Every structure is written in structure tokens, then in C-alpha cells.
Engineer: 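Just passing along the structure, written as C-alpha cells.
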Amino acid sequence: MAGKENNLDNFIVKLFEIEAIKFGTFLLKSGIESPVYFDLRVIVSFPDVMKQVAELMWEAIKRSGCQFKSICGVPYTALPIATCICVQNNYPMLIRRKEAKDYGTRRMIEGRFDDGDVCLVVEDVVTSGSSVRETAESLQKEKIKVTDAIVLLDREQGGKVALERAGIKLYSVITLSQVLSTLHRLNRLDSSIVDKTTQFIQDNRFDGPAVIKKANSMSSAEQVMSHKERSVKCCHPLVRSLYTIMADKETNLCVSIDCTCSQELLQMVEKVGPHVCLVKTHIDMLEDFSTEVTDQLQRLADKHNFLIFEDRKFADIGKTVGTQYQGGMYKIASWAHITNAHPIPGPGIVSALADVGKPLGRGCLMVAEMSSAGNLATREYTKDVVKMAEANKDFVIGYICQSRLSADIDLIHMTPGVKIQMGGDSLGQQYVTPEMAVIERGADVIIVGRGITAASNPAEATRQYKQAGYQAYLRTLNR
Ligand code: S5P
């Protein structure tokens with residue numbers, strides 16, 4: 001894990017050293033003075049950086065799980081990048097001309113393709129998303145589909161949302177906030193420059209006052225709805241309670257306490273309780289489980305005002321999960337306000353869990369997307385999960401997800417795989433920062449495990465995550 005993080009840190013520092021990223025005062029084409037400037041054209045002079053760019057972009061492409069037949073770079077900077085990716089990974093490439101030739105074929109797209117082929121667009125930096133869109137439009141004119149794009153650096157000025165509105169999902173290797181926080185952490189950049197640049201980006205977004213958090217499916221009313229408003233307007237009483245807690249305690253943090261010893265679990269709950277809206281458990285990890293633990297857990301939930309989420313991820317036929325939820329050793333429904341389920345068995349799983357949970361006022365989250373590399377949740381699968389959730393809102397209260405899936409305010413979006421230090425673990429877990437989870441991915445609640453539980457001072461780490469998550473939420477309100 002540390003290796004991956006260092007890799008990205010070194011890469012960002014390298015871009016800074018070769019002046020692909022510069023800080024100062026730069027006059028942009030628009031006449032605006034910018035404190036930051038990206039000139040990724042220089043990377044062609046550094047073959048080692050070129051190679052690393054292609055590798056990092058390929059890793060991000062694989063992580064995204066998107067499917068395509070060919071790759072096309074936005075001219076000109078991304079052309080050599082696309083070439084490297086294609087050659088290294090044996091993918092066919094297409095080239096988009098900027099102007100049609102006035103002789104010969106007059107084609108705007110060079111290379112072999114058939115109607116309906118899907119092409120991935122590659123870009124170096126995205127600001128408003130317009131250059132990716134132009135390339136996509138040229139491809140679409142030739143009946144080539146474009147559903148996804150990958151960018152090395154997202155300036156976070158609204159391009160991602162603009163592209164989503166145009167039906168293109170954008171994945172990035174790094175974001176401007178990440179560049180700023182890494183260079184600051186490694187003592188390459190003063191706080192004053194970080195603050196100035198952050199402010200500039202905020203003031204110069206291409207999506208105006210709307211919230212970048214939200215994908216195109218969201219209504220504008222929902223875009224600015226605070227926790228307080230949701231605590232009144234949401235239909236499900238459990239969702240209203242959760243938003244009330246979030247508003248009162250000013251937190252959108254759920255801590256995942258994944259330990260094997262009851263005493264350790266309860267001690268950790270005591271530490272994090274005052275700062276969280278939810279505590280997530282994997283009760284079957286405990287080697288010394290007794291009902292005393294769940295009794296204590298409920299007492300702590302009352303004392304510190306949080307809800308309990310048992311991350312059981314039910315995934316069997318209705319009859320089986322109903323029994324598992326209600327009974328067995330753990331009697332989950334009797335103490336966990338919220339649990340979750342994989343939708344893979346079909347709607348019977350929801351009906352069976354609802355039969356047990358609804359009379360008790362419980363709620364269930366559907367696992368729509370996962371944080372782990374190589375997971376099998378395709379976009380079609382996720383779309384079907386959304387349908388299933390929307391059809392069962394009397395019991396399904398939201399999603400475990402990695403992106404904003406639904407415009408419906410009754411369906412709360414909870415995102416795991418969150419850590420201030422990005423990267424992953426050796427078993428495929430992939431992390432984004434609290435800011436990325438809330439602002440880019442539209443999380444209502446961030447789920448943090450080892451970022452807090454494995455910290456040397458978990459109470460302090462909880463405060464840090466609480467602040468990072470909540471500040472990010474406030475930013476989405478103030479846009
Ligand atoms: O996609 C997922 C879904 C879940 S619920 N990815 C996850 O990591 N989780 C859970 O979130 C996982 O089971 C673990 O309990 C927690 C993440 O822990 P961390 O230590 O990696 O932050």
C-alpha cells in the first residue's frame with residue numbers, strides 16, 4: 001500500500017520538478033490571471049515520465065472497469081499518451097484530425113473502426129471538459145460510441161459533471177486538490193499558495209453555482225438541500241433520524257470498526273462515538289461475541305447519538321436471508337438500525353429482509369458499487385440496483401456506492417474506501433480522500449475504517465476525518 005502511495009507522491013513531485021505543474025501568476029487565454037498552470041506538453045521530453053503516465057492511466061482505466069474497443073487521444077498533448085497506452089497494452093488506436101484534409105478521404109477520424117464501436121477518450125488535463133467533448137463528437141459523427149474518458153489531471157472546475165451531462169463518465173489519475181495536498185505535505189508548497197489556488201479554482205468553476213457533487217440526474221432542489229432540510233423532507237423515518245443526527249452533530253462520518261475482540265470494539269466506539277453519525281460493525285468478526293456486546297453497543301449509540309450499521313451484506317435467497325437477519329446467534333435485526341444486502345439474488349432478498357426489518361423500523365442499503373479493484377459490478381448491474389432500490393423505498397434507504405446514482409433524496413449514498421492518504425491495500429481495497437468521496441463522488445456519508453482504527457491516535461483521526469468530510473459537504477452547499 002505504502003508503495004503505491006509513494007509512487008503517486010513521487011509522480012506528482014516529478015511533474016512539479018519538470019515544470020509540468022507551475023505556480024505563480026499566469027495570464028490565461030481568457031484574460032484571467034491564474035495562480036497555477038499545467039503544461040503537460042513537456043512530458044514528451046521525459047520518457048520515464050511518459051511511461052509512468054501511460055502506466056498510471058492504464059491502472060485507472062482497469063480500475064474503472066469501463067469497456068471499449070479502441071482508444072483515441074485528444075489532440076495534441078494526449079496523442080503520444082494514447083499511443084503509449086495502446087502500444088503497451090495492445091489496444092487499437094484512433095486518431096482524430098483537428099481539420100479534415102482537403103484531399104483524399106476527408107475523414108476526421110483515422111484508423112479502422114466499425115459502426116457502434118466503443119472508443120475510450122484520453123486527455124491530459126480536464127478543465128471544463130470541452131476538448132474531450134469535441135473529440136467525442138467527432139467520433140460520434142462516425143458512429144463510434146463514447147461512454148468513458150480518462151484524464152491524467154482533473155482541475156476540478158466542473159469538467160467531470162459537464163461530461164457526465166453529455167453521457168461521458170470521466171475517470172482521473174490525479175486531481176488538483178491531490179496535487180496541492182501532496183506538494184504541501186512534502187514541503188514543496190506553502191500553505192498560502194495552496195489556499196490561493198484552492199480559492200481560484202472555487203471561484204472559476206465552469207458549472208457556476210450548481211453543485212459539482214451531483215450528477216445530471218439530480219434536481220436542482222436536491223442539489224442544495226442541507227442535512228437539516230433532508231431531516232424534515234425525507235420519507236423514511238430512519239433516514240430523517242440519520243439526517244437529524246448529521247445536522248445536530250455536524251458530521252457525515254461513519255466509522256467502520258472491524259475488530260475481532262469485543263472489548264476493543266467497545267473501547268473504539270467510546271472514542272469515535274461523539275464524532276460520528278453511524279458506527280459500522282462486522283459483528284461476525286468477533287471471536288468472543290455475546291449479546292452483552294450488542295447491548296452495550298446500543299447503550300453507546302444512545303449515549304453518543306449515532307445509529308448502528310451492521311455490514312452483513314446479505315446475498316442469498318429470500319428464505320435464507322430472512323432467517324439470518326432475524327435469528328441465529330447475532331439477531332442482527334434486533335439491534336442494528338441499518339444493514340445491507342447484495343441485490344444479486346433479485347427482489348426476493350429485499351422482500352424477505354423487509355418482512356423482518358420493516359416492523360422494527362429498520363432500513364437496508366443496497367450494495368450498488370464496490371471499492372475493491374476488479375469487482376464485478378458492471379454499469380448495467382448498478383442501474384438495475386437503482387431500480388430495485390427506488391421500487392422498495394419503504395425499506396431500502398440507500399446505497400453503498402462509489403458515485404452518485406440516484407436523484408431521489410430518500411436514497412442516501414454511503415461511500416466506503418475512504419482515507420486521507422489515498423492508495424489501497426495489498427488485497428485490492430482502493431481509497432479516495434474524504435473530499436473526493438463527497439465532492440466528486442456525491443457521498444452523503446463517508447465510511448472510514450483503518451484510516452481511523454489503525455491510526456496511532458484514533459480519537460484525533462476521527463476528528464480529522466469528521467472535519468474533512470463535513471467541510472467537503474459544506475462546500476457542496478455553498479457552490
Ligand atoms: O465496496 C465496499 C463496501 C464496503 S461496505 N468496500 C468496503 O470497503 N466496504 C467496507 O468498508 C469493508 O467491509 C470495510 O469494513 C470498510 C472499509 O474499511 P477500510 O479499513 O478499508 O477503510
Side-chain angles (χ1 to χ4, degrees), residues 1-2 4-5 63-65 252-261 264-265 268-269 271-272 275-286 297 307-315 330 332 336-344 353 363-379 381-382 385-386 389 396-405 412-438 441-456 458 461-462 464-466 468-469:
M1 178 179 81
K4 251 192 169 176
E5 281 160 11
R63 264 204 308 276
S64 75
N252 52 4
L253 175 64
C254 165
V255 180
S256 176
I257 309 181
D258 300 342
C259 55
T260 54
C261 158
E264 206 184 309
L265 168 72
M268 192 61 80
V269 175
K271 283 186 196 149
V272 306
H275 309 290
V276 300
C277 56
L278 270 173
V279 163
K280 183 171 88 62
T281 53
H282 279 294
I283 208 71
D284 58 359
M285 279 188 187
L286 291 179
L297 199 54
L307 300 183
I308 307 169
F309 166 17
E310 164 58 17
D311 185 4
R312 173 60 178 78
K313 296 193 187 73
F314 292 103
Y330 304 114
I332 294 167
H337 302 98
I338 298 172
T339 191
N340 55 358
H342 284 293
I344 187 88
L353 293 173
C364 181
L365 301 162
M366 302 311 290
V367 183
E369 293 171 318
M370 292 202 71
S371 59
S372 43
N375 71 76
L376 303 180
T378 60
R379 202 178 296 184
Y381 179 82
T382 302
V385 182
V386 171
V396 174
I397 59 164
Y399 310 99
I400 294 292
C401 54
Q402 295 292 314
S403 63
R404 195 76 200 178
L405 299 176
I412 191 158
H413 290 58
M414 300 199 190
T415 298
V418 175
K419 211 172 185 195
I420 286 173
Q421 274 279 314
M422 290 187 42
D425 68 11
S426 59
L427 296 173
Q429 175 67 303
Q430 303 176 116
Y431 292 113
V432 293
T433 62
E435 292 79 12
M436 287 164 84
V438 173
R441 302 193 168 197
D444 297 310
V445 171
I446 54 170
I447 301 178
V448 180
R450 286 163 286 179
I452 287 174
T453 56
S456 53
T462 311
Q464 266 180 19
Y465 276 93
K466 175 190 175 192

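Bear in mind that the values here come from a model prediction, so they are computed numbers and not experimental data. Both counts, for ligands and for their atoms, begin at 1 and track the order of listing.
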Engineer: Note the single closest protein heavy atom to atom 19 (P) of ligand 1, along with its residue, its atom name and the distance in Å.
Structural biologist: Y431 OH, 3.4 Å

Engineer: Do side-chain atoms of Q402 reach the backbone of E369 as a donor and acceptor pair under 3.5 angstrom?
Structural biologist: no

Engineer: Tell me whether ligand 1 is touched by S256 - counting only heavy atoms on the residue side and a distance under 4.0 Å.
Structural biologist: yes

Engineer: Verify, without hydrogens or angle tests, whether N340 (side chain) and R312 (backbone) share a donor-acceptor contact under 3.5 angstrom.
Structural biologist: yes

Engineer: My understanding is that only residues two or more places apart in sequence, or in another chain, count here; which of them pass salt bridge (Lys or Arg N to Asp or Glu O under 4.0 Å) with K280?
Structural biologist: D311

Engineer: Can you spot which of R450, Q421, K419 makes a side chain to side chain donor-acceptor pair (under 3.5 Å) with Y431?
Structural biologist: R450

Engineer: Which residue holds the protein heavy atom closest to atom 15 (O) of ligand 1, what is that atom called, and what is the gap in Å?
Structural biologist: D258 OD2, 2.6 Å

Engineer: Is it true that K280 lies under 4.0 Å from ligand 1, counting heavy atoms only?
Structural biologist: yes

Engineer: Of the backbone atoms (N, CA, C, O) and the side-chain heavy atoms from C-beta on, which set of Q429 has a member under 4.0 Å from an atom of ligand 1: side chain, backbone, both, or neither?
Structural biologist: side chain

Engineer: Could you find the nearest protein heavy atom to atom 3 (C) of ligand 1 and give me its residue, atom name and distance?
Structural biologist: P416 CG, 3.4 Å

Engineer: So which protein heavy atom does atom 18 (O) of ligand 1 come closest to, and at what separation?
Structural biologist: G449 CA, 3.9 Å

Engineer: Heavy atom under 4.0 Å from ligand 1: found in Q402's side chain, backbone, both, or neither?
Structural biologist: neither

Engineer: Any chance you could measure L265, atom CG, to D258, atom CG, to the nearest 0.5 Å?
Structural biologist: 9.5 Å

Engineer: Where is the nearest protein heavy atom to atom 1 (O) of ligand 1: which residue, which atom, and how far?
Structural biologist: S371 N, 2.8 Å

Engineer: Could you check whether any heavy atom of K313 sits closer than 4.0 Å to an atom of ligand 1, since that is the contact criterion I want to use?
Structural biologist: yes

Engineer: With the side chain counted from C-beta on, respond yes when M414 and L278 share a heavy-atom pair under 4.5 Å apart, and no when they do not.
Structural biologist: yes

Engineer: Check C259 against M285 and note the closest heavy-atom contact, atom names and distance.
Structural biologist: O-CB, 3.6 Å

Engineer: Not counting sequence neighbours, which residues clear side-chain contact (heavy atoms from CB on, under 4.5 Å) with P434? List them please.
Structural biologist: V418, I420, I446, Y465, A468

Engineer: Where do G451 and A455 come nearest, in terms of heavy atoms and distance?
Structural biologist: O-CB, 3.7 Å

Engineer: Using a 4.0 Å cut-off to any heavy atom of R450, which atoms of ligand 1 qualify?
Structural biologist: 19 (P), 20 (O), 21 (O), 22 (O)

Engineer: Considering only heavy atoms of I400, which atoms of ligand 1 have at least one such atom less than 4.0 Å away?
Structural biologist: 3 (C)

Engineer: Among all protein heavy atoms in this structure, tell me which lies nearest to atom 13 (O) of ligand 1, with the distance rounded to 0.1 Å.
Structural biologist: H282 NE2, 3.0 Å

